[in-house]
**Q** 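Here it is, the structure in full.
Only this structure's heavy atoms are used, side chains among them; waters, hydrogens and symmetry mates stay out. Keep in mind that this is a model prediction, so the values were computed, not measured.
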Amino acid sequence: MIEYQLIRARYELAVRAALAPQGVVLHYDNVEEQPIPEAGAVAEYAIITVSFPSSTEPDICGGVVFVRGNVQVNIVGPRGAGMRRLEMLASEVICALMAVGDYPEPEGVLTGVQGIQGPTPVLGGKDPQAAVVVSAPFTARVELP
């Protein structure tokens with residue numbers, strides 16, 4: 001059985017470690033939703049989404065599962081303050097994704113990204129927040145016990 005949580009954890013832990021020193025809270029898929037206050041301006045936060053469009057391709061040697069996936073991080077901040085801060089935070093995420101194969105936790109997971117896209121700005125209408133998006137396809141191998 002594939003343990004998607006091991007792969008998900010590798011990306012979530014690495015991105016959280018990159019953003020925490022910057023004072024940015026990371027929210028996870030289907031765990032903590034960030035409400036937008038009625039007053040407008042929002043605090044900085046990020047949301048990570050990890051998906052698995054190609055669930056499993058068995059390894060011919062057995063004992064290993066090969067998975068293709070995609071990781072996306074949306075970084076949000078107050079609008080009207082320029083893009084510098086959001087792009088700097090995106091740079092931290094990009095560096096974390098580039099080095100995710102070296103991240104130590106969890107054990108038994110080998111993973112890496114192929115082509116990082118972003119930071120792509122997201123600005124729409126009179127929304128009180130601005131965002132940048134960083135995403136990348138990845139491959140992962142999970143060593144089964």
Side-chain angles (χ1 to χ4, degrees), residues 1-37 41-124 127-145:
M1 182 169 140
I2 299 173
E3 188 61 57
Y4 293 106
Q5 290 304 89
L6 295 175
I7 300 168
R8 181 181 297 282
R10 171 66 61 97
Y11 286 93
E12 290 172 347
L13 292 168
V15 170
R16 184 182 70 190
L19 292 176
Q22 305 300 324
V24 177
V25 176
L26 181 64
H27 296 277
Y28 309 95
D29 291 339
N30 200 29
V31 177
E32 302 165 335
E33 300 297 327
Q34 174 69 31
I36 299 173
V42 295
E44 292 176 338
Y45 64 94
I47 302 170
I48 186 170
T49 302
V50 180
S51 58
F52 303 96
S54 177
S55 289
T56 181
E57 298 174 19
D59 188 296
I60 60 173
C61 296
V64 175
V65 174
F66 181 73
V67 176
R68 294 183 190 276
N70 191 65
V71 59
Q72 178 174 311
V73 180
N74 296 6
I75 305 163
V76 179
R79 192 161 178 182
M83 297 304 287
R84 182 177 182 178
R85 171 77 175 158
L86 291 174
E87 289 170 349
M88 186 273 300
L89 294 171
S91 177
E92 295 291 330
V93 169
I94 290 168
C95 290
L97 293 177
M98 289 174 57
V100 75
D102 299 329
Y103 198 78
E105 299 177 81
E107 292 182 19
V109 178
L110 305 170
T111 188
V113 298
Q114 273 76 54
I116 300 173
Q117 299 159 351
T120 304
V122 179
L123 300 165
D127 196 340
Q129 61 188 5
V132 294
V133 178
V134 174
S135 63
F138 67 82
T139 56
R141 288 173 45 128
V142 179
E143 297 173 358
L144 301 174

**Q** Shortest non-hydrogen contact from Ala136 to Asn70?
**A**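 It is O-OD1, 3.0 Å.
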**Q** Output the distance between atom CD1 (Ile75) and atom CD (Glu44), rounded to the nearest 0.5 Å.
**A** 9.5 Å
**Q** Decide whether Ser135 and Gln117 meet the rule of one side-chain donor and one side-chain acceptor closer than 3.5 Å.
**A**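 Yes, side-chain donor-acceptor contact under 3.5 Å.
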**Q** Looking only at atom types and distance, does a side-chain atom of Arg8 sit under 3.5 Å from a main-chain N or O of Val50, one as donor and one as acceptor?
**A**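 Confirmed, Arg8 side chain pairs with Val50 backbone.
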**Q** Measure across Val134 and Ile116 and return the closest heavy-atom pair with its distance rounded to 0.1 Å.
**A** CG1-CG2, 3.8 Å
**Q** Just so I know, are the side chains of Ile7 and Phe138 near enough to count as touching, which here means a heavy-atom distance under 4.5 Å?
**A**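 In short, these two side chains touch, coming nearer than 4.5 Å.
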**Q** May I ask you to test the Tyr11-Val109 pair for a side-chain heavy-atom distance under 4.5 Å?
**A** no
**Q** Enter the distance from Leu97:CG to Thr111:OG1 here, rounded to the nearest 0.5 Å.
**A**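 Taking CG in Leu97 and OG1 in Thr111, the distance rounds to 9.5 Å.
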**Q** Which heavy atom of Ala46 sits nearest to which heavy atom of Val73, and what is that distance?
**A** CB-CG1, 4.2 Å
**Q** Around atom CD of Gln114, are there more than 12 heavy atoms of other residues, nucleotides or ligands at under 6.0 Å?
**A**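 Yes, the 6.0 Å shell around CD holds more than 12 heavy atoms from other groups.
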**Q** Nearest heavy-atom pair of Gly112 and Val100: which atoms, and what distance?
**A**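 Residues Gly112 and Val100, closest heavy atoms: CA-CG1, 4.2 Å.
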**Q** If the condition is side chain to side chain donor-acceptor pair (under 3.5 Å), which residues does Glu87 pass it with, not counting sequence neighbours?
**A** none
**Q** For Leu89 and Leu19, work out which heavy atoms get closest and say how close.
**A** O-CD2, 4.0 Å
**Q** Which pairs pass side chain to side chain donor-acceptor pair (under 3.5 Å) with one or both residues in residues 89-104, sequence neighbours excluded?
**A**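 Those involving residues 89-104 do not exist here.
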**Q** Which heavy atom in Val15 sits nearest to a heavy atom in Ile48, and how many Å separate them?
**A**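 In terms of heavy atoms, the two residues are closest at CG2-CD1, 4.0 Å.
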**Q** Can you list the steps and then say if Val24 with Arg85 is a side chain to side chain contact (heavy atoms under 4.5 Å, CB included)?
**A** CA-CA 11 Å; Val24 177; Arg85 171 77 175 158; 4.0 Å; yes
**Q** Near Met83 CE, under 6.0 Å, is it more than 12 heavy atoms from other residues, nucleotides or ligands?
**A** yes
**Q** Residues two or more places apart in sequence or in another chain: which of them pass side chain to side chain donor-acceptor pair (under 3.5 Å) with Gln22?
**A** none
